[in-house]
Protein chains: 2
Amino acid sequence: MDKLTDYKQPSVTVDVMIFTIINSDLKVLLVKRKIPPFEGKWAIPGGFARIDESLEDAAQRELSEETNVKNIYLEQLYTFGEVNRDPRGRVITVAYFALANLRDMQIKASSDVSEVKWFSMYKLPELGFDHAKILAYALQRLRYKLEYSTVCFQLLPKKFTLTDLQAAYEIIFNKKQDKRNFRKKILSLGIISESGRTEGKAHRPAKLYSFTRKHMIMENFIKG
Amino acid sequence: MDKLTDYKQPSVTVDVMIFTIINSDLKVLLVKRKIPPFEGKWAIPGGFARIDESLEDAAQRELSEETNVKNIYLEQLYTFGEVNRDPRGRVITVAYFALANLRDMQIKASSDVSEVKWFSMYKLPELGFDHAKILAYALQRLRYKLEYSTVCFQLLPKKFTLTDLQAAYEIIFNKKQDKRNFRKKILSLGIISESGRTEGKAHRPAKLYSFTRKHMIMENFIKG
DNA sequence: ACAAAAGTGTTGAGAGTACACCCATGC
DNA sequence: GCATGGGTGTACTCTCAACACTTTTGT
């Protein structure tokens with residue numbers, strides 16, 4: 001077990017799920033494959049990990065190749081290591097997920113895919129590989145994280161109204177929240193502060209808020 | 001990016017941390033390396049993932065090779081993918097952790113290690129690779145899991161007293177608990193039931209409990 | 001009878017939940 | 001002045017934390 005060449009090695013890919021909210025719906029970015037296997041099927045964007053870059057870097061690279069988004073909140077989800085996941089051979093996939101707000105994103109299709117498109121997490125197309133399972137797991141984890149952390153702000157622009165924030169939670173959990181209780185709780189956390197007002201709508205203008213700096217820096221025990 | 005041979009591939013190992021409680025202390029099983037790199041240094045047991053077995057199977061195999069323990073609660077912790085983790089070359093490590101009670105375990109040293117030994121998590125030796133970081137992360141995750149799940153029973157024999165259970169929590173969190181509150185909370189969860197009494201001690205005998213069957217089957221969303 | 005661990009309830013504080021109306025603006 | 005979404009408070013319930021003495025056994 002001590003020489004790197006003693007055994008035939010599995011291949012390693014990274015897949016990156018990018019979530020965002022568009023039109024009051026939780027969306028994930030998928031690509032249409034141009035080459036076998038699963039040619040013409042939709043799949044999670046990803047690619048092989050290179051030998052000279054960390055997994056996190058590989059994930060950031062894949063993300064930026066597909067979307068131009070850089071330095072986004074990126075979390076390792078799980079490593080999928082079943083034997084028959086990929087018809088080409090033994091492939092281990094390290095799955096990452098990212099949260100983004102649409103304003104930052106300019107989507108482009110890379111050379112290996114014919115199309116890039118946002119899909120509702122609640123209306124997914126038929127997917128290649130075991131990607132349906134990976135997405136289901138990611139949704140579970142996303143919900144779980146939102147219960148005990150503040151990652152939600154990644155889905156919103158820098159300044160947002162409390163109604164926007166509540167809508168984001170409702171979309172992800174697919175469940176209505178009480179307006180007064182939601183506001184009471186969020187404000188009591190002390191993680192957002194006022195920064196202006198909306199304008200130009202045919203109703204009372206809303207206060208704008210932004211997350212305070214220290215809460216934008218995600219704790220990441222692993223890094224370094 | 002679509003041929004498995006397009007890029008030079010990183011190697012993949014699985015490392016398995018086995019935790020248990022011995023003498024009122026949280027212990028982890030480490031091995032002393034017999035060959036470079038880090039010859040003579042202590043490290044987390046592990047080895048290369050074979051091409052014909054899943055990562056979970058590889059972890060179970062490594063675990064059983066070192067300890068004879070089979071079919072234990074095994075959870076994927078994290079995948080460590082930095083570039084310079086291993087002086088031999090590019091190695092990605094998928095870390096797993098397991099909880100065990102000592103009665104099940106017969107430790108043996110495999111051919112690649114000169115010694116196998118339990119270490120207190122609070123008094124670790126100098127470790128090879130980035131294994132100190134991996135252990136620190138595992139401890140954090142172990143504590144975290146115990147707050148919202150019932151994995152703790154894996155550290156105990158089938159029948160145990162509430163005092164035993166409380167002691168396990170106190171050791172892992174390194175913090176005293178209130179006896180009445182602890183019992184109230186555990187019993188209210190409805191996950192354990194009485195099954196006998198202790199005997200032969202010079203004090204009042206304690207009730208024995210065991211976890212109910214459905215709570216011994218860990219939910220594992222990923223499998224399958 | 002005494003040493004040693006087992007077992008047992010109450011109270012107060014804080015968090016979560018349910019619930020309905022007035023406010024500010026644009027048109 | 002009316003339509004639209006923004007904004008606000010109270011009462012009840014439940015959970016969590018603090019806290020000390022009695023019981024049962026072996027020796």
Side-chain angles (χ1 to χ4, degrees), chain A residues 21 23-25 143-150 152-153 156-211 215, chain B residues 21 23-24 143-150 152-153 156-211:
Chain A
I21 289 174
N23 296 335
S24 303
D25 196 10
R143 287 175 173 166
Y144 194 72
K145 277 215 83 85
L146 253 63
E147 280 178 2
Y148 67 86
S149 82
T150 57
C152 198
F153 72 83
L156 298 170
K158 276 195 187 113
K159 296 185 177 192
F160 52 87
T161 67
L162 292 179
T163 304
D164 294 339
L165 184 61
Q166 184 177 343
Y169 273 88
E170 289 177 347
I171 289 159
I172 291 166
F173 286 101
N174 210 13
K175 191 177 170 219
K176 285 278 170 201
Q177 303 284 324
D178 179 86
K179 184 159 60 162
R180 278 171 293 190
N181 292 340
F182 181 82
R183 286 165 184 241
K184 201 188 315 173
K185 185 172 175 184
I186 290 290
L187 292 173
S188 77
L189 294 175
I191 58 176
I192 59 176
S193 53
E194 281 189 51
S195 66
R197 294 234 297 284
T198 56
E199 291 170 16
K201 297 288 179 52
H203 54 79
R204 176 173 176 173
K207 286 178 188 164
L208 288 168
Y209 291 83
S210 56
F211 279 88
H215 293 94
Chain B
I21 288 175
N23 297 334
S24 303
R143 287 176 174 166
Y144 194 72
K145 277 218 84 88
L146 254 64
E147 280 179 2
Y148 67 85
S149 83
T150 57
C152 197
F153 71 83
L156 298 170
K158 275 195 188 113
K159 296 184 177 190
F160 52 87
T161 66
L162 292 180
T163 304
D164 294 339
L165 184 61
Q166 184 177 342
Y169 273 89
E170 288 177 348
I171 289 159
I172 291 165
F173 287 101
N174 210 14
K175 190 177 171 219
K176 285 278 170 203
Q177 303 283 323
D178 178 86
K179 184 160 62 161
R180 278 170 294 189
N181 291 341
F182 181 83
R183 284 164 184 241
K184 202 187 315 171
K185 186 173 174 184
I186 291 291
L187 292 172
S188 75
L189 293 174
I191 57 176
I192 60 176
S193 54
E194 281 188 51
S195 66
R197 294 235 297 284
T198 56
E199 292 170 14
K201 297 289 179 52
H203 54 78
R204 175 171 177 174
K207 286 178 187 165
L208 288 169
Y209 290 83
S210 57
F211 279 88

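- The distance from atom CZ of Arg183(A) to atom C1' of dG9(D) is 14 Å, rounded to the nearest whole Å.
- Proximity of residues 161-176 of chain A to DNA chain C (heavy atom under 4.0 angstrom from any strand atom) is not detected for any residue.
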side-chain contact (heavy atoms from CB on, under 4.5 Å) assessment of Tyr209(B) paired with Asp164(B): CA-CA 10 Å; Tyr209(B) 290 83; Asp164(B) 294 339; over 6 Å; no

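- Between the side chain of Gln166(B) and the backbone N or O of Gln177(B), at least one donor-acceptor pair lies under 3.5 Å.
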Chi angles and distances behind the side-chain contact (heavy atoms from CB on, under 4.5 Å) call for Phe153(A), Ile192(A): CA-CA 10 Å; Phe153(A) 72 83; Ile192(A) 59 176; over 6 Å; no

Pair Thr161(A)-Arg197(A), side chain to side chain donor-acceptor pair (under 3.5 Å): steps then yes or no: CA-CA 9 Å; Thr161(A) 67; Arg197(A) 294 234 297 284; over 6 Å; no

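- Distance Leu187(B) CG to dT15(D) P: 15 Å, rounded to the nearest Å.
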Audit row: Lys184(A), Asn181(A), side-chain contact (heavy atoms from CB on, under 4.5 Å) steps and yes/no: CA-CA 5 Å; Lys184(A) 201 188 315 173; Asn181(A) 292 340; 3.4 Å; yes

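- Checked by atom type and distance alone, the side chain of Thr198(B) pairs as donor or acceptor with a backbone atom of Ala206(B) at under 3.5 Å.
- Taking the six-membered ring where the residue is Trp, Phe182(B) and Tyr169(B) present perpendicular rings, their angle passing 60° and hence far from 30°.
- Distance Glu199(A) CD to dG5(D) C1': 17 Å, rounded to the nearest Å.
- In this entry the distance linking NZ of Lys201(A) with P of dG7(D) reads 12 Å, nearest Å.
- Within a 6.0 Å radius of CZ in Arg143(B), other residues, nucleotides and ligands contribute more than 12 heavy atoms.
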Sugar-phosphate or base contact per nucleotide [nucleotides 13-24 of chain C; S, B, -; heavy atom under 4.0 Å]: ----BBBB--BB

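- Following rounding to the nearest Å, Tyr209(A) (OH) and dG6(D) (P) show an atom-to-atom distance of 12 Å.
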